[in-house]
**Student:** 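Here it is: the structure, laid out below.
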Amino acid sequence: MSVSIALFTADLRLRDNPVLRAALAGADEVVPLFVLDEAVAAAGFAVPNRRAFLADCLAALDEGLRERGGRLVLRAGDVARETARAARECGAREAHVAADVSGYAQRREERLRAALAEAGCALRVHDAVTCVLAPGAEVPSGGRDHFAVFTPYYRRWRAAEWRTPLGAPRAVRVPEGAGSLELPRGDRVEGVSPGLAAGGERAGRERWAAWRRAGALRAYGGSGDGNSGAGGSRRGGGQGDLGADATSRLSPHLHFGTLSPVELAHEALGRSGKSGKPGKSVTSGESGKVGEVSEVGEAGRGGGGAGPGAEAFVRQLAWRDFHRQVLAARPDAAHADYRPHGDRWRRERGEAAREIAAWREGRTGYPVIDAAMRQLQYEGWMHNRARLLAASFLTKTLYADWRTGAAHFLALLVDGDVANNQLNWQWAAGTGTDTRPNRVLNPLTQARTYDPNGDYVRRWVPELSGIGGAAVHRPWQLDEAARAELEYPEPIVDLDEARSRFRAARSAEE
DNA sequence: CACTCCTTGCT
DNA sequence: GCAAGGAGT
């Protein structure tokens, strides 16, 4: 009886899981293992919102495995040591795990390899979390180790061959002796945001299905920012309007791997998943086989091709991969400036400390910023455009260190992901891959563009819910009497002064 | 083939 | 203003 270990990390799904598939293919019995990582907890990364979501994911995984005759094996402690222990107990000769990019994940992989080797068990690493592409397909020319700008990366990414999605296994046999801890319960975690989404593969698939059923994919990237003509969603993240919020909200599922990015990309573009890029498949001799083309899914029907919405959605998936390939090449970008500008950010004390606290609490007096920060508190999630506004406000308007803001986001975001979060913050702070480091997003013009009717602000800032239309973005322009009624702060900073301060600081340092 | 120059397009 | 890629040297 041969035994393999499938070590789940950020791939908590049964469908399209190359780690699980490889483990099953190489053995009669598989230990589907998850280790509650003491190092992640010690680093303060296991915050309530993600712990609760993770608990849902593990419960769903266990349920799915039980439907197939197996179960999840849960351990806690040091990942390398616990995996090696499980390998010894079950006599496993092979363990499979997903490749990941953060400095921590890279070290974890090495420690795993070493600990497993002592147990006589080989480690096999699979591309399951990160890349929509075959590994190595998106390497820049000229001897560079990564792409530093998104657009050239995206061109390469889009043209490369895609991994073929796998189905869920039909049966999973787990060795009887493999002991497991009791699964944690999401509803027992303290300090969770009241509006937190549910985790798990089924919840993820339901959200994806419901979002597409609502026609959101076709409308994606089209609303709110007045873009027109081809490629109009360029300046938005592909989802303009904050109030309508046509975003998919799939980011937590992508972070925990309850949904496969490869599968989402294929389905969004209306591909069967049987073929990669048309005409580029290595396996099929004849290009453009009719049988494959006829298997197009519903997203591709009735409109000749996938459409701009699907392209904008897939582009967002590419951003994840882009950030991951930056972090893989520059792991220190999680804490160090990618492109340093010699910033001397205001220290978090005195006036600056009060302003940063106001930002965290959503009491800056700038309604769109406060709405964003309160959505984060309440849902453990924030609209992507709002993230950029909130980050720009902290780093440029308050001139506070991006690490302060990134830490606050990681403390609350259910999709809190080192690669995406830190590099998006660096982008906003002008220390990242942005080629325009001095850009300052003006919260008022941004509000007019992305929340033209003020719906987003009224939803999240109840003090202002009585103010109609776009006037909600400028409560200080109300007459004295109306303003006295509001329990809402005056703006904590003057935008023009803040802009001058930032410009002066940047030019002094260069 | 390494290097510079030039065009293109921006989360 | 600058990354990327391609053409030219």
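Per chain, numbering begins at 1; letters A, B, ... match sequence-line order.
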**Student:** Under 3.5 Å, side chain of A:Asp451 to main-chain N/O of A:Tyr456, donor-acceptor pair present?
**Tutor:** yes
**Student:** Go through the side-chain N and O atoms of A:Thr258 and A:Glu201 and say whether any donor and acceptor fall under 3.5 Å apart.
**Tutor:** no
**Student:** Can you tell me how far C1' of C:dG1 sits from NE2 of A:His341, to the nearest Å?
**Tutor:** 11 Å
**Student:** Within this structure, what is the CH2-to-C1' distance between A:Trp427 and C:dA3, rounded to whole angstrom?
**Tutor:** 16 Å
**Student:** Rounded to the Å, how far apart are A:Arg158 CZ and C:dA4 C1'?
**Tutor:** 20 Å
**Student:** Nearest whole angstrom, please: distance from the C1' of C:dC2 to the CZ of A:Arg436.
**Tutor:** 11 Å
**Student:** If we count only N and O atoms by modelled type, under 3.5 Å, do the side chains of A:Trp381 and A:Asn49 hold a donor and an acceptor together?
**Tutor:** no
**Student:** What is the nucleic acid contact for A:Arg155, judged by heavy atoms within less than 4.0 Å: base, sugar-phosphate only, or nothing?
**Tutor:** nothing
**Student:** Take the protein atom CG of A:Asp434 and the nucleotide atom P of C:dA4, then report the distance between them rounded to whole Å.
**Tutor:** 13 Å
**Student:** Tell me the interatomic distance from A:Phe150, atom CZ, to C:dG5, atom P, rounded to whole angstroms.
**Tutor:** 14 Å
**Student:** State whether the distance check finds a donor on one side and an acceptor on the other, under 3.5 Å, for side chain A:Thr435 versus base C:dG1.
**Tutor:** yes
**Student:** Where the side chain of A:Arg339 is defined as all heavy atoms beyond and including C-beta, which of C:dA4, C:dA3, B:dC10 is the nearest nucleotide?
**Tutor:** C:dA3
**Student:** Within this structure, what is the NE2-to-C1' distance between A:His146 and C:dA3, rounded to whole angstrom?
**Tutor:** 11 Å
**Student:** Rounded off to whole Å, could you give me the OH-to-C1' distance for the A:Tyr153 and C:dA4 pair?
**Tutor:** 15 Å
**Student:** Using a distance-only test with no angle check, is there a side-chain donor-acceptor pair under 3.5 angstrom linking A:Gln446 and A:Arg385?
**Tutor:** yes
**Student:** What's the closest nucleotide to the side chain of A:Arg156 if the choices are C:dG1, C:dA4, C:dG5?
**Tutor:** C:dG5
